[in-house]
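All values below were derived from every heavy atom in this structure, side-chain atoms included, with hydrogens, water molecules and symmetry-related copies excluded. Order of appearance sets the numbers: ligands from 1, and atoms from 1 within every ligand. Note that the numbering runs from 1 along the sequence shown for the chain. These figures come from a predicted structure and were not determined experimentally.
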Amino acid sequence: MHNKAIKQYLECLKLSGIQDIFVKPPIQINKAELLKELEENYHTCTKCALHSGRNKFCYGNGNPDARLLIIGEGPGADEDRIGKVFVGRSGQLLTKMLSAINLSRDEVYITNIVKCRPPGNRNPLPEEKKACLPYLEEQISIIQPEFILMLGKVAAVTLLEIDQTLTAFRQQIYNFRGIKTYVSYHPSALLRNPSWKKLAWIDLQKLQKDYF
Ligand code: URA
């Protein structure tokens, strides 16, 4: 039925005294198409100062129907050049970490707190996070993952709104917007401190146990 016909039909109902109708929402949304459309809308974003140094807007990549959503901090130099998240050295380590728990990058969806690279890879500023968070909130509500893995303290503090150490964050599984949420080391921290990898492995195994 076309819009015009729908309008006429609704007019008819109104004239016959029917004031309220309840429309069932569409059961299936095409998450991939929706995310693609939103990325196209946002890639020219100028909501914060990070846009001025940006080469590429890095929205997120992976499977829109993923059961697991992974959230990092912000794009680095490689990501900014290519326009995809976690493609540099820390991305390669993340791929290995996932494969250690029998997950491939194609199964999960990966994004960041901020979608544009902070200069010199500094932590994103509060105003940059605030401007960018609606994009992440929207991604979460479209993907509706069963699990979230937050990588590093920046992602955890920003989303869970608790100011504590990463060690403290790792002790608990969180309920974030009704989603079972884990916090572990950011791969770039593991590249700097390889001795933490055994702790990250403990975290990944907890996630694996719940996921499979
Ligand atoms: N570090 C992040 O937090 N995200 C990326 O996409 C790359 C490096």
Side-chain angles (χ1 to χ4, degrees), residues 35-36 38-39 42-43 45 47-51 53-64 66 68-100 103-140 143 145 147-161 165-166 169-170 174 176 181-194 196-197 199-200 203-204 207:
L35 289 171
K36 191 164 163 258
L38 293 170
E39 179 175 6
Y42 301 147
H43 81 284
C45 175
K47 287 203 298 177
C48 84
L50 291 181
H51 81 274
R54 167 183 75 211
N55 282 307
K56 294 264 171 76
F57 180 86
C58 302
Y59 186 57
N61 308 103
N63 185 346
L68 171 64
L69 172 68
I70 300 175
I71 304 173
E73 185 178 318
D78 293 317
E79 290 75 21
D80 175 61
R81 189 166 43 81
I82 294 170
K84 290 198 184 310
V85 300
F86 280 99
V87 290
R89 274 186 75 221
S90 52
Q92 285 161 19
L93 178 55
L94 178 59
T95 307
K96 284 188 194 158
M97 289 159 69
L98 290 172
S99 94
L103 281 172
S104 74
R105 295 236 343 197
D106 296 341
E107 283 174 272
V108 303
Y109 192 91
I110 311 175
T111 188
N112 285 307
I113 295 286
V114 292
K115 313 303 194 207
C116 297
R117 184 191 181 205
N121 298 341
R122 64 156 167 74
N123 286 356
L125 301 173
E127 61 270 27
E128 294 160 354
K129 294 192 286 185
K130 191 168 172 228
C132 216
L133 272 178
Y135 298 146
L136 177 59
E137 299 275 359
E138 195 174 53
Q139 287 170 309
I140 295 170
I143 296 166
F147 305 97
I148 290 179
L149 172 62
M150 297 178 178
L151 297 173
K153 193 178 155 178
V154 168
V157 170
T158 308
L159 296 169
L160 298 172
E161 298 180 290
T165 62
L166 189 79
F169 272 122
R170 292 181 48 246
Y174 298 85
F176 176 73
T181 296
Y182 306 77
V183 181
S184 189
Y185 292 92
H186 192 288
S188 64
L190 298 176
L191 288 171
R192 285 193 304 271
N193 300 283
W196 293 344
K197 284 186 184 173
L199 298 173
D203 302 339
L204 289 172
L207 170 61

**Q.** Derivation and outcome, side-chain contact (heavy atoms from CB on, under 4.5 Å), residues Leu149 and Val108
**A.** CA-CA 10 Å; Leu149 172 62; Val108 303; over 6 Å; no
Q.
Using heavy-atom distances only, which candidate in Lys84, Glu79, Arg89 approaches atom 7 (C) of ligand 1 most closely?
A. Glu79
Please list, in number order, the atoms of ligand 1 under 4.0 Å from a heavy atom of [X].
X	result
Glu73	2 (C), 3 (O)
Val85	6 (O)
Ser90	8 (C)
His186	1 (N), 2 (C), 3 (O)

Q: Could you see which bit of Asn112 sits under 4.0 Å from ligand 1, with heavy atoms only: side chain, backbone, both or neither?
A: side chain
Q. Mind checking whether Gly72 has an N or O less than 3.5 Å away from an N or O of ligand 1?
A. no
Q: Check whether more than 12 heavy atoms from other residues, nucleotides or ligands sit under 6.0 Å from atom NZ of Lys47, and answer yes or no.
A: yes
(Q) If I compare all heavy atoms of Leu35 with all of Tyr59, which pair ends up nearest, and what's the gap? (A) O-CE2, 3.5 Å
Q: On the 0 to 90° scale, with breaks at 30° and 60°, tag the Tyr182-Phe147 ring pair as parallel, tilted or perpendicular.
A: tilted
Q) Quick one: nearest non-hydrogen protein atom to atom 2 (C) of ligand 1, plus distance? A) Gly74 O, 3.0 Å
Q: Please answer whether the main-chain N or O of Gly91 pairs with a side-chain N or O of Arg105 as donor and acceptor at a distance below 3.5 Å.
A: yes
Q) In Å, rounded to the nearest 0.5 Å, how long is the span from NZ of Lys84 to CG of Asp78? A) 14.0 Å
